[in-house]
Amino acid sequence: MTTETLVPVEDALTRYDPVMGLEIHIELNTATKMFCGCPTEFGAEPNTQVCPVCLALPGALPVVNAKAIESAIRIGLALNCEIAEWCRFARKNYFYPDMPKNFQTSQYDEPIAFDGHVDVEVDGESYRIEIERAHMEEDTGKSLHVGGSTGRIHGADFSLVDYNRAGIPLIEIVTRTIEVPGDKAAAVARAYVSYVRDLIGGLGVSDVRMDQGSLRADVNLSLKPRGSATLGTRSETKNVNSFRSVERAVRYEISRHAGILDAGGSVLQETRHFHEDTGTTSSGREKSDADDYRYFPEPDLAPVSPSREWVEELRATLPEPPAVRRTRLQAEWGFSDLEMRDTIGAGALQLVSDTIEAGATPQAARKWWLGEMARRANEQGAELDSLGITPLQVAEIQALIDAGRINDKLARSVFDGVIAGEGTPEEVIVGRQLEVVSDDGALGDAVDRAIAGDPDAAQKIRDGKQAAAGALIGAVMKEMRGQADAGRVRELILEKLT
Ligand SMILES: [Zn+2]
């Protein structure tokens, strides 16, 4: 293992400009696979969702899944792409044990969608990302390495292959080179992946879950000396699986490339793996532009030529564009520009929207997701949507606060319980005995004890200084471990002393 000299990003950016390219793989949520009728459900017993076509048995013939073509066209349109009038599948030839055909059916020089763009916002500035192409292909199977301590192939006793995933339809979205001010590069990369997630999630054609692999991002990065027109050699960091990691991978690669270039070395063109725990990348496989996949048109599949009428019909099914939707939601919710920007920046737009849909007020929804939930996500290095709590549950907990059953402080404990799998918010309240006490009998006794324990404060209230009630309320809350209805406690104190 070579030791790498890392240059602090801010320092590197005084001498180099980063050039990025992003590739996003989207797993479509069609009921069946790309070229056969096998189901695509996640989590089935290994090798139970296979047939002669996706196992590539001799003589089996593939047929294109029309629903996958429809989803691909809708994705292309949402990305402002042109839709090909005629395109073909191609064989990408390489050997990999979890790819039974020894080639991947993909698209090469004839993608279904091309020449698009999206605009993403970072710190109030808009950046245009050009889309080179969005093409269709199929997923591979999955290898499981058994034995050894790392779960990787090195050191394993043997390997097993599961072909359930082989043939699941994928869309690969490839950007043109992205050149933005260096200090914005990492944030723009993150904003782009987040934007594509929202865009495609809105189409309903994929689950777009990065933590489950239905959206995967590859980050290509190179550096060129400031002001130079010559591109440097790029590295490809594969399968980065969270927005935060996309940002970290860009920053790490800027530091690493700068270290190599400063020392007069040359960057190796290779794929790299990103490590969530350390925020670093490590070498994968060397790669050159001359990699020869011997692409040729797939002879077993008819070309795809969507009629212009069909394309226009599909265009009419597109939901509101994200920028328009954001403006509309901001007005509906009454958010300030800053509140809206923070919500989008945190990747919480859909979560906040779903929470409001489930009955919470906009400000309550924003408060929980950007406060309590963002803090938890940060501590765990996780994304908001993989915390184990849903917008519906957040809205339910807020409703319990509004009904006076719990207060904000107890709500945090309810969140703990729901995330720990103790059941619904209601079940957690019962299980953990979290309900606030508003029963006058129990509260009255505690108020009497607080008055007896602090005669000075009691006298001040009798003298008309109601502000002194705070000390007595505090004493009652302490005795009741925060589970008293503070408003009712205050009323009881004033009733007894005035
Ligand atoms: Zn099959």
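Just so we're clear, the structure is a prediction, and the values are computed from it rather than from any experiment. Whatever order the structure lists them in is the order used to number ligands and atoms, beginning at 1.
- A donor-acceptor pair is defined here as one N or O able to donate and one able to accept, closer than 3.5 Å; no such pair exists between the side chain of Thr40 and the backbone of Ile168.
- Note on residues 100-113: pairs passing salt bridge (charged side-chain N to carboxylate O under 4.0 Å, His left out), not counting sequence neighbours, are Arg88-Glu110, Lys101-Glu138.
- With waters neither drawn nor counted, the protein N/O/S atoms under 2.8 Å from the Zn ion (ligand 1) amount to 4.
- With sequence neighbours left out, Tyr195 forms a ring-ring contact (aromatic ring centres under 6.0 Å, His included) with no residue at all.
- Across every non-hydrogen atom of Tyr163 and Leu55, the tightest pair is CD1-CD2, 3.6 Å.
- Phe89 is linked by a ring-ring contact (aromatic ring centres under 6.0 Å, His included) to Phe35, counting only residues two or more places apart in sequence or in another chain.
- Judged by distance alone, with hydrogens and angles left aside, the side-chain atoms of Asp162 form a donor-acceptor pair with the main-chain N or O of Asn47 at under 3.5 Å.
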